[in-house]
2 protein chains.
Amino acid sequence: MDMDKYAVLLKTKGLKVTSPRVTVLDIFNQSQARHLSAEDVYKKVLEHEGDIGLATVYRVLTQFAEVGILVATNFETGKTTFELNEGGHHDHLVCLSCGSVVEFHDPDVEARQEEIAKKHGFKLINHSMSLYGLCSKPQCRESA
Amino acid sequence: MDMDKYAVLLKTKGLKVTSPRVTVLDIFNQSQARHLSAEDVYKKVLEHEGDIGLATVYRVLTQFAEVGILVATNFETGKTTFELNEGGHHDHLVCLSCGSVVEFHDPDVEARQEEIAKKHGFKLINHSMSLYGLCSKPQCRESA
DNA sequence: TTTGATGCAAATGTTTTGCATTGCA
DNA sequence: TGCAATGCAAAACATTTGCATCAAA
């Protein structure tokens, strides 16, 4: 089991090793979908793992994002989604029909963003770029 | 007064010319800040212009965005902001300290986005790119 | 007049918070 | 043991909706 790995990670971040936190880590590591909302995580908790209150799910997700275990992103859905922070920054392509998410990283764009910020006298801290469209699945293309 | 201009615009979009709709148009045209949330608009209504229900403000803003009079954007604030659609697409630089918003348009980035979408088999419909940082004001730079 | 627009209040969906209890360290 | 973490329910927001009334065309 990965429980020890989780425990080490949590301690590294200065967080106590508790059952809800380990469970949430496990959910993200097991999940097919990389991007999960608080509600998604809560549903998985109810289905498979122990029982954690929804409020705790929110608290854990927020904390994990603060310490860099997760990264939070706001798509146009009205709910925040979280994904494991695996180091490399990336942006998202989102299918407006089926909701699938593709990640990409483009150094050209990143460099250009720095230039743009500089030109306007801004010190760039972070950014979010999401491209919305229709993925290649036939049923998504037809929905146009 | 611009009332006639507003009436023409509304009719062009197939919308009845009603007092709430004219008021909202006027608010965006008078406003110092280009980007207003529903709550911002509602406050201005209460302060200056007649009285419109908050629900109507939401309905009008949503409709205006649908017909292209306004453009809706979701920053990381949890609330949707609207701005007049003056044709040219643009993206935003947002100051995390004072909240000021600078608009920019970068053809290089736009072109690159198309390439990225194509490479992943997506048909691009729209996108949102927001750069977050600190603007050049001393008090914002110090907040780091 | 007829259909669409509005106001109000209630409902919704997401996220946060207060507080008593529990459980790591 | 002590302080942080949790659960639960209530609160806080942002936004939407039902429905009776009102007004533009």
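A note on names: the letters A, B, ... follow the listed sequences, proteins ahead of strands, and every chain is numbered from 1. We use all heavy atoms of the structure for the numbers below, so side chains are in, but hydrogens, waters and symmetry mates are not.
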### Message
At less than 3.5 Å, do the side-chain atoms of Arg59(B) and the base atoms of dG4(C) form a donor-acceptor pair?
### Response
no
### Message
Heavy atoms only, 4.0 Å cut-off, all strands: where does Arg21(A) land among base, sugar-phosphate and nothing?
### Response
sugar-phosphate
### Message
Rounding to an integer number of Å, can you tell me how far Tyr42(B) OH sits from dC8(C) C1'?
### Response
10 Å
#### Entry: Length of the line joining Leu54(A):CG and dA9(D):C1', which is rounded to integer Å
12 Å
### Task
Consider the side chain of Ala55(B), meaning its heavy atoms from C-beta on, and name the nucleotide among dA9(C), dG4(C), dA4(D) that approaches it most closely.
dA9(C)
### Message
What is the distance, to the nearest angstrom, from the CD atom on Glu66(B) to the P atom on dT16(D)?
### Response
10 Å
### Task
Starting from C1' on dT6(C), measure out to CD on Gln63(B) and report it in whole angstrom.
11 Å
### Message
Can a donor-acceptor pair be found, under 3.5 Å and without considering hydrogens, that links the side chain of Ser37(B) to the backbone of Asp40(B)?
### Response
yes
#### Entry: Separation of dT14(C) C1' from Leu61(A) CG (nearest whole Å)
13 Å
#### Entry: Spacing of Arg141(A) atom CZ and Phe122(B) atom CZ [to the nearest 0.5 Å]
9.0 Å
### Query
CG of Leu15(A) versus P of dA5(D): gap in Å, rounded?
7 Å
### Task
By nearest nucleotide on DNA chain C, pick out whichever of Thr56(B) and Thr18(A) is the more 5' one.
Thr56(B)
### Task
Round to the nearest Å and state the distance from Asn74(B) atom CG to dC13(D) atom C1'.
15 Å
### Query
Once the angle between the rings of His92(A) and His35(A) is folded into 0 to 90°, is it parallel (under 30°), tilted (30 to 60°) or perpendicular (over 60°)?
perpendicular
### Query
Under 4.0 Å: is that the gap between some side-chain N or O of Thr80(A) and OP1 or OP2 of dT14(C)?
no
### Task
Using a 4.0 Å heavy-atom cut-off across all strands, classify Ser19(B) as base, sugar-phosphate, or nothing.
nothing
### Task
Could you tell me whether Lys79(B) contacts a base, only the sugar-phosphate backbone, or nothing, with contacts defined as non-hydrogen atoms closer than 4.0 Å?
sugar-phosphate
### Task
Identify, between Ile52(B) and Tyr58(A), the residue whose nearest nucleotide on DNA chain C lies closer to the 5' end.
Ile52(B)
### Message
I'd like to know if the side chain of Arg34(A) reaches the main chain of Leu84(A), judged simply by a donor and an acceptor atom lying under 3.5 Å from each other, with no hydrogens or angles considered.
### Response
yes
### Summary
Here the distance between atom P of dT14(C) and atom CD of Glu76(B), to the nearest Å, is 19 Å
### Query
Can you say whether the rings of Tyr132(A) and Phe75(A) are parallel (under 30°), tilted (30 to 60°) or perpendicular (over 60°)?
perpendicular
### Query
In terms of the nearest nucleotide of DNA chain D, which residue is placed more toward the 5' end: Lys16(B) or Asp51(A)?
Asp51(A)
### Task
Between dT15(C), dT6(C), dA25(D), spot the one nearest the side chain of Lys11(B), thanks.
dA25(D)
